[in-house]
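This report concerns only the one structure given below.
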Amino acid sequence: MSNVVVVGTQWGDEGKGKIVDLLTERADLIVRFQGGNNAGHTLVVGEKTFILHLIPSGILHPGKVCLIGNGVVLDPEVFCQELDTLAGRGLDVGPERIVISPKTHVIMPYHKALDKLREEKRIGEKIGTTGRGIGPCYEDKAARVGIRAGDFRSRDLMRTKITQALAEKNALFTHYYGAQAMDVDLVLEEVWESGRRLAAHLGDVSERIVQAVAEGRGVLFEGAQGTHLDIDHGTYPFVTSSNTVAGNVAAGAGCSPGLLGTVMGIVKAYTTRVGSGPFPTELLDPVGEHLQQQGGEFGATTGRKRRCGWLDLPLLRESIRLNGVAEIVLTKLDVLSGLDRIRICVGYELNGRELAYPPQEEGLLAAVKPVYVDVPGWSEDIAKAASWDDLPEAARAYIQRLERELNVPVTIVSVGPDRCQTIQRRA
């Protein structure tokens with residue numbers, strides 16, 4: 001397999017975990033390049049369900065090596081919990097199978113505390129943060145006061161850096177938020193044990209990637225969230241705190257852009273969003289309820305109910321041009337079964353103008369009116385469809401319409417959560 005980048009093209013929750021798990025069969029290294037445990041992958045393998053937040057889903061395949069790049073922010077406690085859960089289910093999670101870059105920034109207790117206090121105090125509409133400390137950790141990275149995974153090799157260094165970080169944060173906690181100050185030694189003690197376990201997995205991620213490519217082995221790059229949660233290109237300010245687009249893969253993994261290979265865009269057959277922010281095609285009616293219930297649309301990380309709506313092609317066009325998507329993987333097509341009519345948003349109207357792409361200015365996406373085309377639905381249960389010909393004619397027509405509108409082939413179709421519920425298709 002040539003190297004592949006897997007990106008979400010919507011607001012996350014597109015089913016990237018299942019697809020990474022599927023593609024891992026043809027890869028040797030799986031690299032996570034951004035985000036933290038504010039996102040989760042739910043994978044169904046036979047009768048077993050796995051939920052992962054930090055460790056790449058390739059860990060479910062024996063012999064595969066999972067790398068966590070410098071662009072990730074890592075919560076040591078959550079990482080150790082995942083190690084223990086996977087080990088308890090019989091999986092090998094040793095240091096040779098999971099390697100973490102020493103440059104990866106670490107989420108500290110004060111990051112999580114600040115995240116929650118800030119959201120509680122926010123005036124106006126909430127951002128919808130998960131409270132996991134992701135944003136404050138990235139802030140410290142940019143402010144050059146962050147803790148990195150490699151720092152756990154020295155207790156003295158850790159104490160010095162925690163002292164520096166808390167000098168400012170304790171002033172915020174006490175004077176602005178009316179909260180208790182944090183003690184340097186108590187914070188260090190809280191993270192030290194899990195941090196030392198994390199340190200056993202440290203390794204040169206960049207070297208591993210380059211070596212694998214030189215030996216002709218396949219590398220699979222995966223991120224978290226989706227394109228429209230990107231800190232620069234998403235629906236700001238209702239976004240995550242890192243760059244989720246393919247252009248950040250090289251920086252977040254620590255390799256040359258020339259090594260990235262094909263970009264595969266994961267597209268859910270409808271649209272969902274968790275938390276606040278504009279959503280032009282949102283359905284607050286029985287159809288939206290159908291999508292939510294049939295799709296099991298609850299966040300794998302937070303358990304929050306996802307908002308649901310029709311497929312939004314302007315959002316997808318923007319994702320395709322931002323990421324250079326060469327192939328589309330269409331997920332959750334089975335959730336549309338049972339609908340007599342399916343609507344597709346093919347454009348927007350804004351102040352008398354027709355738009356094929358989302359407006360670039362902040363706030364205008366909330367003002368657009370979706371332009372829909374209606375296509376026939378289907379009543380058949382497609383969960384057991386094993387080939388293109390097994391799909392109802394209306395389902396095939398739906399996929400072909402998307403290909404024409406987006407000018408990108410749909411090469412994989414997912415009709416259920418299990419590995420085997422996947423149709424491989426080449427245009």
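The shown structure was predicted, so the numbers you read here are calculated from the model rather than taken from an experiment. Basis for what follows: all heavy atoms, side chains included, without hydrogens, waters or symmetry-related copies.
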Q: Calculate, to the nearest 0.5 Å, the distance between atoms CD1 and OG1 belonging to I19 and T24 respectively.
A: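 Spacing of CD1 (I19) from OG1 (T24) equals 10.5 Å.
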I'd like to know if the side chain of [X] pairs up with that of [Y] as donor and acceptor (distance under 3.5 Å, no hydrogens or angles considered).
{"X": "D140", "Y": "H105", "answer": "no"}
{"X": "H233", "Y": "T227", "answer": "no"}
{"X": "N248", "Y": "S242", "answer": "no"}
{"X": "Q225", "Y": "T244", "answer": "no"}
{"X": "R273", "Y": "T235", "answer": "yes"}

As a quick check of understanding, evaluate side chain to side chain contact (heavy atoms under 4.5 Å, CB included) for I134 and N37, giving each step before the final call.
CA-CA 8 Å; I134 310 299; N37 60 301; 3.9 Å; yes
Students often mix this up, so state it plainly: with edges at 30° and 60°, are the rings of H201 and F79 parallel, tilted or perpendicular?
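Ring orientation, 0 to 90° scale: perpendicular.
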Checking [X] side chain against [Y] main chain: does a donor-acceptor pair fall under 3.5 Å?
{"X": "D115", "Y": "G133", "result": "yes"}
{"X": "R97", "Y": "D92", "result": "yes"}
{"X": "N3", "Y": "V219", "result": "yes"}
{"X": "K332", "Y": "S414", "result": "no"}
{"X": "E14", "Y": "Q10", "result": "yes"}
{"X": "D151", "Y": "I147", "result": "no"}
{"X": "D204", "Y": "S206", "result": "yes"}
{"X": "Y348", "Y": "R353", "result": "no"}
{"X": "N323", "Y": "A246", "result": "yes"}

Within the supplied structure, the quantity of interest is the number of heavy atoms (other residues, nucleotides, ligands) at a distance under 6.0 Å from [X] [atom1]; does it exceed 12?
{"X": "E349", "atom1": "CD", "result": "yes"}
{"X": "E354", "atom1": "CD", "result": "no"}
{"X": "K64", "atom1": "NZ", "result": "yes"}

**Request:** Check step by step if salt bridge (Lys or Arg N to Asp or Glu O under 4.0 Å) holds for R425 and E403.
**Result:** CA-CA 13 Å; R425 174 175 176 264; E403 290 180 315; 2.8 Å; yes
Contacts table for residues 371-383: side-chain donor-acceptor under 3.5 angstrom, sequence neighbours left out:
| from | atom 1 | to | atom 2 | distance (Å) |
| --- | --- | --- | --- | --- |
| D374 | OD1 | R343 | NE | 2.7 |
| D374 | OD2 | R341 | NH1 | 3.2 |
| W378 | NE1 | S337 | OG | 2.8 |
| D381 | OD1 | A383 | N | 3.0 |

- Task: Decide side-chain hydrogen bond (donor to acceptor under 3.5 Å, both in side chains) for K16 and T331; before the verdict, give the C-alpha distance in whole Å, the side-chain angles of both, and the deciding distance to 0.1 Å.
- Result: CA-CA 9 Å; K16 295 183 293 296; T331 63; over 6 Å; no
Is a salt bridge present between [X] and [Y], judged by a nitrogen-to-oxygen distance below 4.0 Å?
{"X": "E222", "Y": "R32", "answer": "no"}
{"X": "D75", "Y": "K112", "answer": "yes"}
{"X": "K305", "Y": "E289", "answer": "yes"}
{"X": "E405", "Y": "R317", "answer": "yes"}
{"X": "E318", "Y": "R321", "answer": "yes"}

Open item on the list: Evaluate Y270 against L333 for side chain to side chain contact (heavy atoms under 4.5 Å, CB included), listing each step before the verdict.
Closed with: CA-CA 8 Å; Y270 49 100; L333 184 65; over 6 Å; no
task: List the steps and the verdict of salt bridge (Lys or Arg N to Asp or Glu O under 4.0 Å) for R196 and E193.
output: CA-CA 5 Å; R196 290 301 295 166; E193 182 179 349; over 6 Å; no
Would you check if the distance from the ring center of W11 to the ring center of F238 is below 6.0 Å?
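No: the rings miss the under 6.0 Å criterion.
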Among residues at least two apart in sequence or on other chains, which ones pass side-chain hydrogen bond (donor to acceptor under 3.5 Å, both in side chains) with D84?
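Expected list: R197.
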Side-chain donor-acceptor distances from residues 259-268 under 3.5 Å, at least two apart:
| from | atom 1 | to | atom 2 | distance (Å) |
| --- | --- | --- | --- | --- |
| K268 | NZ | D13 | O | 2.8 |
| K268 | NZ | T272 | OG1 | 3.0 |
| K268 | NZ | E297 | OE1 | 3.2 |
| K268 | NZ | E297 | OE2 | 3.1 |

